[in-house]
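Some notes on the structure that comes next.
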Amino acid sequence: MIDKFVSSVAAAVADIGDGATVMIGGFGTSGIPSELIDALIEQGAKELTVVNNNAGNGDVGLAALLKARRVRKIICSFPRQIDSHVFDALFRAGDIELELVPQGNLAERIRAAGAGIGAFFTPTAYGTLLAEGKETRLIDGRHHVLEYPIHADFALIKADRADRWGNLVYRKAARNFGPIMASAARCTIVQVREAVPLGALDPEAIVTPGIFVQRVVPIVGVAALAMPQAVA
Amino acid sequence: MIDKFVSSVAAAVADIGDGATVMIGGFGTSGIPSELIDALIEQGAKELTVVNNNAGNGDVGLAALLKARRVRKIICSFPRQIDSHVFDALFRAGDIELELVPQGNLAERIRAAGAGIGAFFTPTAYGTLLAEGKETRLIDGRHHVLEYPIHADFALIKADRADRWGNLVYRKAARNFGPIMASAARCTIVQVREAVPLGALDPEAIVTPGIFVQRVVPIVGVAALAMPQAVA
Amino acid sequence: MHRFSREQIAARVARDIPAGAYVNLGIGQPTMVANHLPPGREIFLHSENGILGMGPAPPKGQEDPDLINAGKQPVTLLTGGAYFHHADSFAMMRGGHLDYCVLGAFQVSVRGDLANWHTGGKDAIPAVGGAMDLAIGAKNVYVMMDHLTKSGESKIVLNCTYPLTGLACVNRVYTDLAVIEVSTQGLVVLDVVDGLPFAELARLTGTPLTDGTAGRAAG
Amino acid sequence: MHRFSREQIAARVARDIPAGAYVNLGIGQPTMVANHLPPGREIFLHSENGILGMGPAPPKGQEDPDLINAGKQPVTLLTGGAYFHHADSFAMMRGGHLDYCVLGAFQVSVRGDLANWHTGGKDAIPAVGGAMDLAIGAKNVYVMMDHLTKSGESKIVLNCTYPLTGLACVNRVYTDLAVIEVSTQGLVVLDVVDGLPFAELARLTGTPLTDGTAGRAAG
């Protein structure tokens with residue numbers, strides 16, 4: 001019987017090696033696989049390349065991973081935030097490499113990796129600093145930039161419910177990068193609020209079919225995140 | 001109040017003009033927008049370019065549209081079938097142009113149109129007759145072919161349920177080309193089994209958000225299609 | 001000098017968005033447009049983190065960390081709204097399915113070039129987010145900004161001096177002094193704030209402007 | 001001459017597919033593999049029209065026109081299965097997420113080139129469907145076919161004479177005479193039908209073959 005449930009976050013991330021490329025889902029307060037990130041910090045892998053929309057907030061989660069100096073390079077769209085002081089300091093000191101990617105190109109490059117697309121022409125960022133040195137082409141009257149897929153060794157994502165085949169559904173805007181990161185990684189590790197029996201998820205409403213998922217860890221007894229005060 | 005419901009298939013297809021590119025959903029017995037196709041035949045538009053997985057079966061639906069000589073060109077993956085005699089005869093007589101596209105490239109080209117991708121490199125069909133004359137590139141050790149999006153003026157698709165905003169859910173494998181064709185056409189016309197009130201569709205399970213849909217026609221009182229005998 | 005207030009600018013943009021439009025309101029000033037959309041007019045707000053049919057902020061105490069907008073503020077979902085993933089969300093934008101994007105800006109050029117993501121400062125840590133996707137992400141890209149910098153320089157320029165976000169992508173600019181259309185014939189002023197002569201607007205702006213206000217009531 | 005029956009070939013392929021594998025069975029002969037998968041072994045069948053977790057044909061009278069496989073025959077969905085659209089479905093294949101595709105073929109070359117979509121006849125109306133996507137659509141691409149044509153020519157060839165479906169994509173060939181691995185060292189015979197000497201198989205095949213059957217039980 002196929003059972004993708006893993007009993008602990010520690011077991012789930014045990015084989016992430018030094019130098020691995022790790023995608024981490026989440027956007028703002030939604031969809032962050034906090035317990036998996038903490039387990040990765042605990043586990044100790046270093047020289048990582050991390051793919052995330054941001055570069056860490058405050059001193060927890062991804063910021064803590066950065067602070068522990070485990071990340072060689074980050075690929076993201078929006079590193080600079082009001083509370084990105086950990087990243088800011090590392091970047092200013094030249095201690096972390098940054099590949100800045102427009103958010104939609106980031107999403108599409110991740111999707112392309114999962115879909116086996118070798119490269120694609122996108123109009124986003126044409127003529128800007130972020131397209132410097134990249135191949136361009138005029139197609140049907142519109143300028144485009146050639147972008148390549150972003151593959152990962154591991155993806156750490158958060159979903160709402162999963163069954164033992166690894167089928168996933170998400171909750172509201174916490175879906176964000178989850179489905180595409182799951183498709184782009186060799187090994188996708190998911191933390192979920194609830195493990196459900198096979199058949200409990202509507203086949204019409206499964207967002208990530210189990211083919212994209214290798215390991216699922218139910219995080220039991222965690223209360224919903226408190227909503228932080230909105231910042232200006 | 002935004003209401004995308006249209007009272008009749010005739011009204012829904014009234015403005016499809018001569019020379020239009022029309023995508024038609026469906027795969028085998030599933031997801032064929034039969035009533036919309038019949039309305040298009042009735043309406044009389046000609047010199048059409050049709051995008052469909054096949055090129056018509058028997059003498060009804062798309063085959064009848066072909067038989068009425070309304071189609072100048074068809075873009076599809078699998079024209080030759082046991083009962084594709086209408087297409088076969090037109091093709092042998094040189095009365096219809098065929099662009100044969102591998103099924104996955106067809107799907108991805110339609111998706112690219114909806115997603116604003118200018119072109120993409122795909123490994124499918126490299127080194128075959130269907131890639132002849134196309135640009136190729138070796139990326140990361142794998143040969144690829146450059147493929148361009150397929151845009152349409154209209155898409156005719158079938159869904160299961162819709163609300164007045166045009167949000168759609170499908171039924172089982174009838175989903176097939178519906179969501180991507182809806183995204184690739186300037187005007188997407190949907191026939192549905194059931195019109196439901198706004199809010200009746202689960203926001204987590206809406207497959208095609210209304211942004212991709214312009215018109216919805218409920219087809220009332222149509223019994224489920226009889227399953228034809230499987231043919232060898 | 002008279003100026004349109006930020007609320008007035010937001011109201012003016014809202015007035016120009018028709019029923020049934022699919023709209024993305026950028027972070028910051030553009031977010032205010034939502035407060036001015038007439039209640040009876042159904043307009044579909046898109047948030048690039050994966051929401052269509054986004055509603056207003058929830059009552060205090062009912063915030064949901066899984067339901068936030070692109071600015072990471074708590075929002076709600078309207079009846080009829082839907083969720084989707086990031087690639088699908090940006091496909092909506094890149095694919096030209098949105099009718100309007102409303103953005104803030106540092107500068108807009110006479111050709112509609114947009115600079116709004118980076119001051120170009122040597123020490124500045126860059127962050128782009130969805131800015132470049134939004135710049136090319138709608139049939140109509142509208143900018144809301146102050147007409148002048150704090151030191152009095154025009155933010156409408158012949159050529160952007162800040163790093164570009166997108167080329168020839170802005171269709172219309174709403175400032176505290178005027179509403180200006182970016183047309184193939186150059187910049188056309190649709191509205192000027194009460195009491196500001198066109199010649200004075202042109203002097204402050206410092207780029208060629210065409211007066212298109214004839215026969216129009218000021219906003 | 002002894003031959004593996006089609007059922008025996010299907011059973012042999014089924015035996016080689018491990019639990020937990022994601023598998024696409026092509027139209028025709030490969031479909032028979034499904035009947036030989038051991039009931040206790042969970043294997044996920046993919047159908048390129050948008051199904052994962054595809055089950056067997058339904059009882060007569062319970063066919064559903066909306067639930068068909070790529071061959072357009074009625075099927076069922078297993079508990080735990082899921083539906084998705086065509087672009088997502090082919091992304092699964094192209095993206096290398098399937099473990100096995102099993103296909104029919106006209107010819108397979110010594111390099112693993114596959115010809116299975118078109119006889120190349122001048123009058124033939126071409127139709128490709130998902131053949132080219134399947135050819136590159138799995139970590140392991142297995143072919144099931146007769147070893148020889150009706151006129152006795154080998155379908156394993158130095159160079160395909162029929163139009164190609166994919167280049168260097170086949171990993172293993174299951175025929176009525178043998179099981180042959182396409183390796184970087186050329187074709188390696190893993191199994192031969194009882195009573196057929198290797199030399200005779202090599203003569204019938206007409207391409208270089210390596211005998212890899214030593215120490216293996218025939219299937």
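These values consider heavy atoms only, across backbone and side chains, with no hydrogens, waters or symmetry-generated copies. Naming: A, B, ... by sequence-line order, numbering from 1 per chain. Everything numeric here is computed off the predicted structure, so don't read it as measured data.
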Check: Taking all atoms of both residues into account, what is the closest heavy-atom pair of Ile206(B) and Gly81(C), and its distance?
Finding: CD1-O, 3.6 Å
Next item on the list: Go through the atoms of Ile211(B) and report whether side chain, backbone, both or neither lie under 4.5 Å from a heavy atom of chain C.
Entry: both
Notebook entry, point to check: Is it the backbone or the side chain of Leu98(C) that comes under 4.5 Å from a heavy atom of chain B, or both, or neither?
Noted result: both
Check: For Tyr83(C), is it the side chain, the backbone, both or neither that has a heavy atom under 4.5 Å from a heavy atom of chain B?
Finding: both
Next item on the list: Determine whether more than 12 heavy atoms belonging to other residues, nucleotides or ligands lie under 6.0 Å from atom NZ of Lys134(B).
Entry: yes
Checklist line | Main-chain N/O of Ala82(C) paired to Asn167(B) side chain as donor or acceptor, under 3.5 Å | finding: no
Note to self: If you count heavy atoms of other groups shown closer than 6.0 angstrom to CD of Glu42(B), is the number above 12?
What the structure shows: no
Notebook entry, point to check: With respect to chain C, which residue among Gly116(B), Ala200(B), Gly199(B) yields the maximal number of heavy-atom pairs within a distance under 4.5 Å?
Noted result: Gly116(B)
Notebook entry, point to check: Out of curiosity, Thr79(C) OG1 to Leu201(B) CG, how far, rounded to the nearest 0.5 Å?
Noted result: 11.5 Å
Next item on the list: Would you check if Glu42(C) and Arg164(B) make a side-chain contact, meaning some heavy-atom pair closer than 4.5 Å?
Entry: yes
Margin query: Is it the case that atom CZ in Arg137(B) sees more than 12 heavy atoms from other parts of the structure closer than 6.0 Å?
Written below: yes
Notebook entry, point to check: Quick one: are Leu78(C) and Trp165(B) in side-chain contact, heavy atoms under 4.5 Å?
Noted result: yes
Next item on the list: Over all heavy atoms of both residues, which pair between Ala91(C) and Arg111(B) is shortest? Give the atoms and the distance, please.
Entry: CB-NH2, 4.5 Å
Check: Any side-chain heavy atom of Met92(C) within less than 4.5 Å of one from Pro209(B)?
Finding: yes
Item checked: Taking every non-hydrogen atom, the tightest pair across His97(C) and Gly114(B) -> NE2-O, 2.7 Å
